[in-house]
Participant: 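Here it is: the structure, laid out below.
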Amino acid sequence: EVDCGSLLNELCKSGNVDEARSLIRWMEEYEGERFGKPNTIMYNIIIDGLCKESRVNEALNLFQEIIDISDVITFSILIDGLCKNERTKEAHDMFELMPQRGIQPDVFTYSSLIHGLCSCGQGKEAIRLFNEMIDHDISPDMPALNILMDVLCKQEMAKEGHKLLDLMIQRGVKPDIITFCTLMDGYCLQGQMKEAVNVFDSMVDSGHEPNVYSYNILINGYSKDRKLDEAKQLFEDMHRKGLTPNTITYSTLMDGLCKVGRVVEAQELFNEMQT
RNA sequence: AAUGGUACAUGA
């Protein structure tokens, strides 16, 4: 059973959802002879695999077939899948149908929907849901807090986000590198580079080695603020730390340079990137 | 120890 689940998982994660699906069909057919019935976990693996390939309709069809054995994970997978394919309305509907099936949303379900709503500009509703989650005595874990941080930041409420960070520290919850990066990006979005750099420093102080995300975020902040010398400086710092810039690093910096007319430097970067 | 959620750029 467990090994079969692992196999299905391997297949899905390596882009062979169809193989995994046939395997399940096979199990359904030979049920009782060699194997037992496929269980909820196995179906969840397939449904998630389909969603991750943007085949949400197929995922929904399979869901209809196995709705009687679906669980909170099945719902979370579908809500996430719908949201990531710009179908937040349906995700929301599905969320509201859960209690009718006797399934209560958990922190993953809320997080998926909150994140989805935030990504399609429904920050207010996202915040309302976060509060609803708290009211239901579901305590936010690190990813859930990071998602809330992102919601606040994308609403240009970096200052509120900063309060959330302080609150976490005060309560003995150790923010992770994503918490810091998300807040840095929030300050960058509002053009508050001094604050962003402050967060970068507190990130380092709390023992997190900056990664490519941390640098990309600050480089982007400076670029958008037309401070290309600072941005280039960070690009150098990054090298000195032994970090390898990625495509995002290059396109961020090249875009910034182009937009202030430093096209030659952008071209140089482009050449460097090819090697 | 089989399944779900979180951070960065450009472009249409």
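Basis for what follows: all heavy atoms, side chains included, without hydrogens, waters or symmetry-related copies. Computed from a predicted structure; not experimentally measured. The chains referred to below are lettered A, B, ... by the order of the sequence lines, with proteins before strands, and numbering in each begins at 1.
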Participant: Output the rounded distance in Å from NZ (Lys154(A)) to P (A7(B)).
Facilitator: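 Distance, rounded to whole Å: 7 Å.
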Participant: Using whole Å, what does the distance between atom P of nucleotide A9(B) and atom OH of Tyr215(A) come to?
Facilitator: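 Going from Tyr215(A) (OH) to A9(B) (P), I get 19 Å.
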Participant: Would you tell me if any nitrogen or oxygen in the side chain of Lys13(A) comes within less than 4.0 Å of OP1 or OP2 on G4(B)?
Facilitator: yes
Participant: Would you check if Lys52(A) and Asp48(A) make a side-chain contact, meaning some heavy-atom pair closer than 4.5 Å?
Facilitator: yes
Participant: Just to confirm, is there a sub-4.0 Å distance from OP1 or OP2 of U3(B) to any side-chain nitrogen or oxygen of Lys52(A)?
Facilitator: no
Participant: Examine distances only and state if a side-chain atom of Asp141(A) and a backbone atom of Ala144(A) form a donor-acceptor pair shorter than 3.5 Å.
Facilitator: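 Such a contact is found between Asp141(A) side chain and Ala144(A) backbone.
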Participant: Hey, does Ile248(A) reach any base, or is it just sugar-phosphate, or nothing, if we go heavy atoms under 4.0 Å?
Facilitator: base
Participant: Would you mind classifying the nucleic acid contact of Asp176(A) as base, sugar-phosphate or nothing, using non-hydrogen atoms under 4.0 angstrom?
Facilitator: nothing
Participant: Grab the CG-C1' distance between Asp3(A) and U3(B) for me, whole Å please.
Facilitator: 15 Å
Participant: Will you find, in the side chains of Asn216(A) and Thr249(A), an N or O donor that is under 3.5 Å from an N or O acceptor?
Facilitator: yes
Participant: Regarding Thr182(A), tell me which of base, sugar-phosphate or nothing describes its non-hydrogen contacts under 4.0 Å with the strands shown.
Facilitator: sugar-phosphate
Participant: When you check the gap from the basic side-chain N to the acidic O, do Asp150(A) and Lys154(A) get nearer than 4.0 Å?
Facilitator: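 Salt bridge present between Asp150(A) and Lys154(A).
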Participant: Could you tell me how far apart Ile41(A) (CD1) and A2(B) (C1') are, to the nearest whole angstrom?
Facilitator: 6 Å
Participant: State which of G5(B), G4(B), C8(B) makes the closest approach to the side chain of Pro143(A).
Facilitator: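 Out of G5(B), G4(B), C8(B), the nucleotide with an atom closest to Pro143(A)'s side chain is G5(B).
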Participant: Taking only the side-chain nitrogens and oxygens of Lys259(A), find out if one of them lies under 4.0 Å from OP1 or OP2 of A9(B).
Facilitator: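 Lys259(A) to A9(B) OP1/OP2: no side-chain N or O under 4.0 Å.
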Participant: In whole Å, I'd like the distance from the CZ atom of Phe270(A) to the C1' atom of U10(B).
Facilitator: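 Between C1' of U10(B) and CZ of Phe270(A): 12 Å.
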Participant: Whole angstrom is fine here: how far is it from CG in Asn146(A) over to P in C8(B)?
Facilitator: 12 Å
Participant: Would you tell me whether Gln104(A) and His136(A) have side-chain atoms, one donor and one acceptor, within less than 3.5 Å of each other?
Facilitator: no
Participant: Looking across every strand, which nucleic acid part, if any, lies under 4.0 Å from Ser112(A) by heavy atom: base, sugar-phosphate, or nothing?
Facilitator: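 It contacts sugar-phosphate atoms only.
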Participant: Looking across every strand, which nucleic acid part, if any, lies under 4.0 Å from Asp106(A) by heavy atom: base, sugar-phosphate, or nothing?
Facilitator: base
Participant: Given A9(B), U3(B), U6(B), identify the nucleotide with an atom nearest to the side chain of Ser251(A).
Facilitator: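 It is A9(B).
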Participant: Would you indicate what Ile73(A) reaches in the nucleic acid, counting non-hydrogen atoms under 4.0 angstrom: base, sugar-phosphate, or nothing?
Facilitator: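 Answer is base: heavy atoms of Ile73(A) come under 4.0 Å of a base.
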Participant: Which nucleotide wins on minimum distance to the side chain of Ile147(A), given the candidates C8(B), G4(B), G5(B)?
Facilitator: G5(B)
Participant: Rounded to whole angstroms, how far apart are CG on Asn246(A) and C1' on U10(B)?
Facilitator: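 Result: 13 Å.
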Participant: Is a donor-acceptor pair below 3.5 Å formed from side chain Asn44(A) to base U3(B), judging by atom type as modelled?
Facilitator: yes
Participant: What nucleotide among A2(B), A9(B), G4(B) has an atom nearest to a side-chain atom of Ser6(A)?
Facilitator: A2(B)
Participant: Which one, A2(B), A9(B), A7(B), comes nearest to the side chain of Asn9(A)?
Facilitator: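 So the side chain of Asn9(A) is nearest to A2(B).
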Participant: Just to confirm, is there a sub-4.0 Å distance from OP1 or OP2 of U6(B) to any side-chain nitrogen or oxygen of Lys84(A)?
Facilitator: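 Yes.
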Participant: Could you check whether Tyr250(A) and Glu272(A), counting side-chain N and O atoms only, form a donor-acceptor pair closer than 3.5 Å?
Facilitator: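 The answer is yes; a qualifying pair exists.
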Participant: Considering only side-chain heavy atoms of Asp255(A), which listed nucleotide, U10(B), U6(B), G4(B), is closest?
Facilitator: U10(B)
Participant: Give one of base, sugar-phosphate or nothing for Thr109(A), where a contact means two heavy atoms less than 4.0 Å apart.
Facilitator: base
Participant: Is Val107(A) touching bases, backbone alone, or none of the nucleic acid, heavy atoms closer than 4.0 Å?
Facilitator: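 The residue Val107(A) makes base contact.
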Participant: In this structure, how many angstroms lie between the C1' atom of A7(B) and the CG atom of Leu218(A), rounded?
Facilitator: 12 Å
Participant: Indicate yes or no: does Lys232(A) engage Glu268(A) in a salt bridge with an N to O separation below 4.0 Å.
Facilitator: no
Participant: Categorize Thr252(A) for me: base, sugar-phosphate, or nothing, with a 4.0 angstrom heavy-atom threshold over every strand shown.
Facilitator: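 Thr252(A): backbone/sugar contact only, no base atoms under 4.0 Å.
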